[in-house]
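Quick note on labels: first sequence line is chain A, next is B, and so on, each numbered from 1. None of the values given here were measured: they were computed from a predicted structure.
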Protein chains: 2
Amino acid sequence: MEMTDAITGLSALAHDGRLAIFRLLVKAGPDGMAAGDIARKLDTAANTMSAQLLVLSNAGLLTARRDGRSIIYAADFERMGALLLYLTEDCCGGKPEICAPLAAIAQTCCPPKKARRANA
Amino acid sequence: MEMTDAITGLSALAHDGRLAIFRLLVKAGPDGMAAGDIARKLDTAANTMSAQLLVLSNAGLLTARRDGRSIIYAADFERMGALLLYLTEDCCGGKPEICAPLAAIAQTCCPPKKARRANA
DNA sequence: TCCATATTTCATGGATTAGTGAAGTATAAG
DNA sequence: CTTATACTTCACTAATCCATGAAATATGGA
């Protein structure tokens, strides 16, 4: 990931409405959610929601597919992983002082050697 | 870390000048750098630099201390670690699909069991 | 075809952000 | 005490962001 992409991603997430959307879609998983359902869940006007989804999509953090009249948005896990990787690796140089706390969660969710724990 | 703090941090980093400052200070380590040295290194006007440093400081990502006529800024590693932890844990729910790439770097910089590698 | 639903696009206005010249504050040196 | 250095603060403008009403587009059903 390049620096400009990282900045676009950070900007997209640096907004309470958009961060809420992203978090909701992470919880929703690969199946994603229809734009209207997201709007109702977060109590946001349809056009406002559309603009917010566009920003996240343009940052590559969301994928979109049409299903009938609805458009289903889903979090792009790979892209988010790349952003986090950029922050730890390129931005922070993998300093132990910074990424030590991450080791714990990486350990929990992605055991390095043995079988991976199911998570949902 | 709370969501509003995370947003403040993301906003602070979502700017090319400020991200460059932060990266420079991460490289500089705990000793930090004087505001003027940062400004010269990044070819930025003094007052512009001051404003950018203020944003990062207000987000808690930098610490500042006076040394004679200079003011020394340093990256707050703990805070950055907390931001990354928020993004992986609270925002992304520690999903393996997202944090798997992080496991590698966490593995490299912070070995879980054995002695930690020195890193300059 | 006509209508309802789902979402987006456009236009607008208000709020926030960002860079800069000029002035102000703090420290050090002569 | 005066002057220089190091930064910050202030005032201002340009640019960008953001929410919203209104209109447009796309799909599905009667």
Colleague: Starting at atom CZ of A/Arg65, determine the distance to atom C1' of C/dA6, rounded to an integer number of angstrom.
Modeller: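 Result: 15 Å.
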Colleague: Answer yes if B/Leu42 and B/Leu54 sit in the same cluster of Ile, Leu, Val, Met, Phe, Trp and Tyr residues linked by side chain heavy atoms under 4.5 Å apart, and no otherwise.
Modeller: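 No: no chain of side-chain contacts under 4.5 Å links B/Leu42 to B/Leu54.
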Colleague: Select one nucleotide: of D/dT5, D/dG28, D/dT8, the one nearest the side-chain heavy atoms of A/Arg69.
Modeller: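 My answer, after comparing the listed nucleotides, is D/dG28.
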Colleague: Students often get this wrong, so: under 4.0 angstrom with heavy atoms, is B/Ala34 touching a base, only sugar-phosphate, or nothing?
Modeller: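 Sugar-phosphate, no base atom in range.
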Colleague: Taking the side chain from A/Ser50 and the backbone from A/Ala46, do they hold a donor-acceptor pair closer than 3.5 Å?
Modeller: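 Not a single qualifying donor-acceptor pair exists.
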Colleague: Grab the CG-C1' distance between B/Leu19 and C/dA18 for me, whole Å please.
Modeller: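 Taking CG of B/Leu19 and C1' of C/dA18, I get 17 Å after rounding.
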Colleague: What nucleotide among D/dT8, C/dG19, D/dT20 has an atom nearest to a side-chain atom of B/Gln52?
Modeller: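 Shortest atom-to-atom distance from the side chain points to C/dG19.
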Colleague: Please report the closest heavy-atom contact between A/Leu85 and B/Pro101, naming both atoms and the distance.
Modeller: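 Looking at all heavy atoms of both residues, the closest pair is CD1-O, 3.6 Å.
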Colleague: Name the nucleic acid region contacted by B/Arg40, choosing base, sugar-phosphate or nothing; use a 4.0 angstrom heavy-atom cut-off, strictly under.
Modeller: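 The answer is nothing, as B/Arg40 stays clear of every strand by at least 4.0 Å.
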Colleague: Please report the distance, rounded to the nearest Å, between CG in A/Asp67 and P in C/dA6.
Modeller: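 Taking CG of A/Asp67 and P of C/dA6, I get 12 Å after rounding.
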Colleague: Rounded to whole Å, how long is the line connecting atom CG of B/Leu56 with atom P of C/dT17?
Modeller: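 Those two atoms, CG and P, are 14 Å apart.
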Colleague: Tell me which of A/Arg18 and B/Ala51 sits closer to the 5' end of DNA chain D, going by the nucleotide each one is nearest to.
Modeller: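 It is B/Ala51, whose closest nucleotide lies nearer the 5' terminus.
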Colleague: Calculate the interatomic distance between B/Ile7 atom CD1 and D/dC17 atom P; express it in whole Å.
Modeller: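 Interatomic distance, CD1 of B/Ile7 to P of D/dC17: 16 Å.
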Colleague: Does D/dT8 have its OP1 or OP2 closer than 4.0 Å to a side-chain nitrogen or oxygen of B/Tyr73?
Modeller: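 Yes, B/Tyr73 has a side-chain N/O under 4.0 Å of OP1/OP2 on D/dT8.
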Colleague: Has the side chain of B/Asn47 got a donor or acceptor atom sitting under 3.5 Å from an opposite partner on the base of C/dG19?
Modeller: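 A donor-acceptor contact between them is absent.
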Colleague: Name the nucleic acid region contacted by A/Ala46, choosing base, sugar-phosphate or nothing; use a 4.0 angstrom heavy-atom cut-off, strictly under.
Modeller: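 Answer is base: heavy atoms of A/Ala46 come under 4.0 Å of a base.
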Colleague: Round to a whole Å and report the spacing from CG of A/Asn58 to C1' of D/dC17.
Modeller: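 Distance check: A/Asn58 CG to D/dC17 C1' gives 14 Å.
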Colleague: Picking from C/dA26, C/dT7, D/dT9, which would you name as closest to the side chain of B/Ser50?
Modeller: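 Given the options C/dA26, C/dT7, D/dT9, the side chain of B/Ser50 is closest to D/dT9.
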Colleague: Just how far, in rounded Å, is P of C/dA28 from CD1 of B/Ile71?
Modeller: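 Whole-Å distance recorded here is 12 Å.
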Colleague: Does D/dC7 have OP1 or OP2 under 4.0 Å away from a side-chain N or O of B/Ser70?
Modeller: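 True: B/Ser70 side-chain N/O within range (under 4.0 Å) of D/dC7 OP1/OP2.
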Colleague: Could you walk me through whether A/Tyr86 and A/Glu2 pass the side chain to side chain contact (heavy atoms under 4.5 Å, CB included) test, one step at a time?
Modeller: CA-CA 8 Å; A/Tyr86 174 88; A/Glu2 296 190 10; over 6 Å; no
Colleague: Ignoring the backbone of A/Leu53, work out which of D/dA26, C/dT8, D/dC7 is nearest its side chain.
Modeller: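 When the side chain of A/Leu53 is considered, C/dT8 is the closest of D/dA26, C/dT8, D/dC7.
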Colleague: So which atom in B/Ala12 and which in B/Leu61 form the shortest heavy-atom distance, rounded to 0.1 Å?
Modeller: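 Minimum heavy-atom contact is CB-CD1, 4.2 Å.
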Colleague: Hey, is the side chain of B/His15 poking within less than 4.0 Å of OP1 or OP2 on C/dT16, counting only N and O atoms?
Modeller: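 The answer is no; no side-chain N or O of B/His15 sits under 4.0 Å from OP1 or OP2.
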Colleague: Tell me: CG of B/Asp16 to C1' of C/dA18, nearest whole Å?
Modeller: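 After rounding, the reported distance stands at 11 Å.
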